[in-house]
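Below is one structure, written out as structure tokens, with a few remarks after it.
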Amino acid sequence: MSTSADLPPDVRRIVVVGAGECGTHAAMALRDKGFGGEITLIGRESVHAYERPPLSKGALAVDEMALVHPWTPEQLAEADIDLRLGVEVTHIDLAAGTVTTSAGPQDAGEVVPWDRLLLALGSDPRRLELDEVTYLRTHEDAEALRALLRPEGHLLVVGAGFIGLEIAAGARERGMDVTVVEAGPRVLGRIVPEEVAAQVSALHDAHGVSLRVATTVTGLRRDGGRLYATLSDGEELVVDAVVAGVGATPTTLLAEAAGLVVDDGIVVDAALRTSDPRVFAAGDCASFPDARSGGRVRLESWRNAHDQAVTAAASMLGQGEPHAAVPWFWSDQYDQMLSVAGLPGTGQRSVLRHRDDGVLLHLGLDAQDRLVHAAAVGPGASVAKDIRVAEKLIAAAVPLDPAQLTDPGVPLRSILKAAIT
Ligand SMILES: Cc1cc2nc3c(=O)[nH]c(=O)nc-3n(C[C@H](O)[C@H](O)[C@H](O)COP(=O)(O)OP(=O)(O)OC[C@H]3O[C@@H](n4cnc5c(N)ncnc54)[C@H](O)[C@@H]3O)c2cc1C
């Protein structure tokens, strides 16, 4: 922890916009780092921060949905964080150093001044040009989706990304017939390599999901209590509900209107500073430079929201280290885990490692045989262990022997030990 003497004297008021995963962790991290000034945390949802990952997993399977909160309101109050929920920030004035909120006398809005501003605005589900489609982002969306999951019913899921497939698994577990249509040639096209995707497809086949790739929904009409979905191959499906998981777009309008640079996300540097040096962005809404690939990336992942919260808090206090965490992501489907470390598509060659317990690990290497990406599917505990080691191998950035990597008889841990000593 820093002492207050280390902290910049010109920073007395910090406003965090977005009281979700990233914004709330950043507010708490500011206190952990010794910031004693005012922290105002403003969120448009009416509930304090909750974990979104369970919404497409456990929450679909249980009878009563309980939100998982990383912090209680009491903990936030103890940390002297001024939490304002159900309040939207409608305007940022960079020249004046203020935000305007939707709360205030006669809806005139309240003006809140800041010395440093953090935008942790998240992302919004991409929408189809079809009525009657449900989406999943918030706890309210999850409640609405749960109400549609009825045993014996038929759910149509549009999009075979991780959210679509998790919903498909949850709906099967609730006894529904499930059809998944995916516009691309395979499932999880943006997230994992083909071999891992094939194992995930087989998992869903085995659980009775009808998976239809290279297929879209071209029309949807309601007749009585049923929905009639026309598919691009001309077939008509009769279903009870349609839910789409077709990606998300970063929430950037506020930043754009303020004049900050935006390009598929609020553009930040390695310290998560936007084009205005007093304003920072982190989490799903931020596009940041990835030191390993040399490219610019935007991640929609729980771990990234946490890691960037800490980096942003340090940067706002002038203690910033460049954001260098290895990207990490996981998904649970049925009794299996899918996990990824590093950035998909950055390897120049790949090797596969098949473990006896059914884990398939795909490892992407660069031209110097350094590990840059790993994706695994299989029983959760083994996948988690392998990916944890893979993360460290990616961070170590040393050439590896591809023959050893493919041999399940050579423990990944011993490869790591040899690599870092
Ligand atoms: C259903 C679901 C399942 C997921 N599962 C996984 C998983 O298995 N693994 C994984 O790694 N990741 C998963 N994720 C992704 C992960 O939850 C997100 O990456 C993470 O929540 C991002 O945190 P964030 O703070 O950037 O955004 P959010 O948590 O979305 O928080 C942003 C907040 O800002 C608020 N806001 C936006 N604009 C304003 C404004 N103008 N004024 C005030 N408030 C505003 C929003 O309402 C929102 O509450 C999942 C996401 C969803 C939706």
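- Using a 4.5 Å heavy-atom cutoff, the side chains of V180 and R212 are not in contact.
- Under the rule for a ring-ring contact (aromatic ring centres under 6.0 Å, His included), W114 has no partner lying at least two apart in sequence or in another chain.
- The shortest heavy-atom contact between L227 and A241 is CD1-CA, 3.9 Å.
- A salt bridge is absent between R221 and E132; no separation between the charged side-chain nitrogens and carboxylate oxygens falls under 4.0 Å.
- Counting heavy atoms from C-beta on, the side chains of T24 and H48 never come closer than 4.5 Å.
- Looking at D93 and V99, their side chains never come closer than 4.5 Å, going by heavy atoms from C-beta outward.
- For the 3.5 Å distance criterion, the side chains of S102 and R44 fail to qualify, holding no donor opposite an acceptor.
- Under 4.0 Å is where a charged nitrogen must lie from a carboxylate oxygen, and between R226 and D240 at least one such pair does.
- Between W328 and W330, the ring planes are parallel. Angles under 30° get that label, and only those over 60° would be called perpendicular.
- Among pairs with a residue in residues 252-293, those fulfilling ring pair (Phe, Tyr, Trp, His ring centres under 6.0 Å) read F288-H323, at least two apart in sequence or across chains.
- Heavy-atom minimum distance, L30 versus I39: CB-CD1, 3.8 Å.
- A donor atom on one side chain and an acceptor atom on the other are found under 3.5 Å apart for S382 and D357.
- Each salt bridge (Lys or Arg N to Asp or Glu O under 4.0 Å) pair with one or both residues in residues 304-332, not counting sequence neighbours, would appear here, but there are none.
- When every heavy atom of A305 is checked against every heavy atom of E21, the shortest pair comes out as CB-CG, 4.0 Å.
- At most 12 heavy atoms of other shown residues, nucleotides or ligands fall within 6.0 angstrom of atom CZ in R413.
- Atoms CZ and CG, from R172 and L149 in turn, are 12.5 Å apart once rounded to the nearest 0.5 Å.
- By the 4.5 Å heavy-atom criterion applied to side chains, E38 and D82 are not counted as neighbours.
- Residue pairs meeting the ring pair (Phe, Tyr, Trp, His ring centres under 6.0 Å) criterion with at least one member in residues 347-370, sequence neighbours excluded, do not occur.
- With sequence neighbours left out, A390 forms a side chain to side chain contact (heavy atoms under 4.5 Å, CB included) with L371, A374.
- Within the structure, the salt bridge (Lys or Arg N to Asp or Glu O under 4.0 Å) test picks out the following pairs touching residues 54-63 (sequence neighbours left out): K57-E166, D63-R174.
- Scanning for side chain to side chain contact (heavy atoms under 4.5 Å, CB included) contacts around E78 gives an empty result, with sequence neighbours left out.
- Legend: ring pair (Phe, Tyr, Trp, His ring centres under 6.0 Å) pairs involving residues 74-105, not counting sequence neighbours: none detected.
- Contact between P125 and R137 at its shortest, heavy atoms only, is CG-CB, 3.8 Å.
- Side chain of E45 to backbone of V47: no donor-acceptor contact under 3.5 angstrom is found.
- Scanning for side chain to side chain contact (heavy atoms under 4.5 Å, CB included) contacts around E173 gives A61, Y334, with sequence neighbours left out.
- Taking 4.5 Å as the limit, some side-chain heavy atom of L237 sits within range of a side-chain heavy atom of L231.
- Residues K33 and V310 form a side-chain contact, since some pair of their non-hydrogen atoms from C-beta on lies under 4.5 Å apart.
- Rounding to the nearest 0.5 Å places CD1 of I81 at 5.0 Å from CG of L76.
- Separation of atoms CG (L165) and CG (L203) is listed at 9.0 Å; rounding is to 0.5 Å.
- A salt bridge is defined here as a Lys NZ or Arg NE, NH1 or NH2 lying under 4.0 Å from an Asp or Glu carboxylate O, and E391 with R388 fails to meet this definition.
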Enumerate donor-acceptor pairs with a distance under 3.5 Å from any side-chain N or O in residues 186-195 to protein atoms, sequence neighbours excluded.
from	atom 1	to	atom 2	distance (Å)
R186	NH1	V192	O	2.9
R186	NH2	V192	O	3.0

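- Screening residues 129-155 for ring pair (Phe, Tyr, Trp, His ring centres under 6.0 Å), with sequence neighbours left out, gives Y50-H139.
- C22 SG to Q308 CD: the interatomic distance, rounded to the nearest 0.5 Å, is 6.5 Å.
- No side-chain donor from either of S201 and Q199 sits under 3.5 Å from a side-chain acceptor of the other.
- The shortest heavy-atom contact between S123 and P250 is CB-CA, 3.9 Å.
- In this structure, V196 and L338 have side chains that are in contact, with non-hydrogen atoms separated by less than 4.5 Å.
- Ion pairing between a basic and an acidic side chain is recognised when a charged N comes within 4.0 Å of a carboxylate O; R353 and D407 show no such pairing.
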Considering only distance and modelled atom types, tabulate donor-acceptor pairs under 3.5 Å from the side chains of residues 263-270, sequence neighbours left out.
from	atom 1	to	atom 2	distance (Å)
D264	OD1	R298	NE	3.4
D269	OD1	A271	N	2.9
D269	OD1	L272	N	3.1
D269	OD1	R273	N	2.9
D269	OD2	R273	NH1	3.0

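- Scanning all heavy atoms of the two residues, the minimum distance from P399 to R370 falls at N-CG, 3.6 Å.
- Heavy atoms of other residues, nucleotides or ligands lying less than 6.0 angstrom from CD of E152 number 12 at most.
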